[in-house]
Amino acid sequence: MRRAGLGEGAPQGNYVASGYSVYEEENQHLQEGLRAKVDALKHLSIDIGNEVKYQNKMLGEMDTDFDSTGGLLGATVGRLKLLSRGSQTKVYCYMLLFALFVFLVLYWVIKLR
């Protein structure tokens with residue numbers, strides 16, 4: 001079988017003269033570059049997956065925190081409604097200030113988390 005560029009008198013298997021080894025080396029170099037890019041993408045996708053799992057876990061924890069805070073605030077509003085039925089405006093103001101204080105403390109705790 002004759003390859004292009006070998007010539008009539010060239011011995012079989014002498015691919016260096018034909019430029020075949022140059023193409024093989026170039027293919028090997030491109031293959032190594034492609035392999036490095038695929039490995040980088042693989043590691044990147046694994047890191048993205050880990051980050052998504054972490055973010056989902058964090059969102060779940062925030063959901064439970066907000067639910068408990070909502071329950072606490074709902075109970076406080078219920079107490080405030082009971083107090084508002086009476087004529088105890090002084091106690092009503094204290095409860096309102098206490099509820100505001102609790103809200104600010106919870107906001108601060110959640111913000112620092």
Side-chain angles (χ1 to χ4, degrees):
M1 178 175 188
R2 202 189 306 179
R3 299 221 180 238
L6 276 176
E8 289 294 321
Q12 293 291 335
N14 188 7
Y15 296 131
V16 175
S18 69
Y20 182 74
S21 68
V22 172
Y23 291 128
E24 281 294 316
E25 288 176 13
E26 183 180 353
N27 281 342
Q28 289 293 331
H29 177 70
L30 291 173
Q31 185 178 11
E32 289 170 6
L34 185 61
R35 184 175 295 129
K37 289 178 184 177
V38 167
D39 286 340
L41 285 174
K42 177 183 174 185
H43 291 296
L44 184 64
S45 64
I46 289 172
D47 290 342
I48 288 172
N50 291 336
E51 184 67 23
V52 166
K53 287 177 186 175
Y54 173 73
Q55 293 291 331
N56 280 337
K57 179 184 171 190
M58 197 158 131
L59 284 173
E61 291 173 359
M62 284 178 61
D63 185 39
T64 57
D65 289 343
F66 284 137
D67 283 343
S68 64
T69 304
L72 179 66
L73 287 176
T76 304
V77 168
R79 290 184 195 130
L80 286 174
K81 285 182 181 179
L82 284 176
L83 286 176
S84 68
R85 290 183 188 157
S87 63
Q88 303 168 344
T89 57
K90 195 176 198 181
V91 175
Y92 176 71
C93 287
Y94 286 139
M95 286 299 291
L96 184 63
L97 288 174
F98 178 73
L100 183 63
F101 174 74
V102 168
F103 178 72
L104 289 174
V105 168
L106 287 175
Y107 175 76
W108 181 67
V109 167
I110 290 171
K111 188 77 170 176
L112 288 179
R113 193 177 242 203

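Positions are given from 1 along the sequence. Every value quoted in this text rests on a predicted model; they were computed, and no experiment measured them. Atoms considered below: every heavy atom in the structure, side chains included; atoms not considered: hydrogens, waters and symmetry mates.
Applying the side chain to side chain donor-acceptor pair (under 3.5 Å) test to every pair with at least one member in residues 35-55, sequence neighbours left out, gives these pairs: Glu51-Gln55.
The distance from atom CE of Met95 to atom NZ of Lys81, rounded to the nearest 0.5 Å, is 14.0 Å.
Leu112 forms part of a hydrophobic cluster together with Phe101, Val105, Trp108, Val109, judged by ILVMFWY side-chain heavy-atom separations under 4.5 Å. Tyr107 shares a hydrophobic cluster with no other residue; no ILVMFWY side chain has heavy atoms under 4.5 Å from its own.
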Please report, to 0.1 Å, the donor-acceptor pairs under 3.5 Å made by any side chain of residues 61-77, with sequence neighbours excluded.
{"unit_1": "Thr64", "atom_1": "OG1", "unit_2": "Glu61", "atom_2": "O", "d": "2.7"}
{"unit_1": "Asp65", "atom_1": "OD2", "unit_2": "Arg113", "atom_2": "NH1", "d": "2.4"}
{"unit_1": "Ser68", "atom_1": "OG", "unit_2": "Thr64", "atom_2": "O", "d": "3.4"}
{"unit_1": "Ser68", "atom_1": "OG", "unit_2": "Asp65", "atom_2": "O", "d": "2.8"}
{"unit_1": "Thr69", "atom_1": "OG1", "unit_2": "Asp65", "atom_2": "O", "d": "2.8"}
{"unit_1": "Thr76", "atom_1": "OG1", "unit_2": "Leu72", "atom_2": "O", "d": "2.9"}

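Among residues two or more places apart in sequence or in another chain, the side chain to side chain contact (heavy atoms under 4.5 Å, CB included) test is passed with Leu30 by Glu26.
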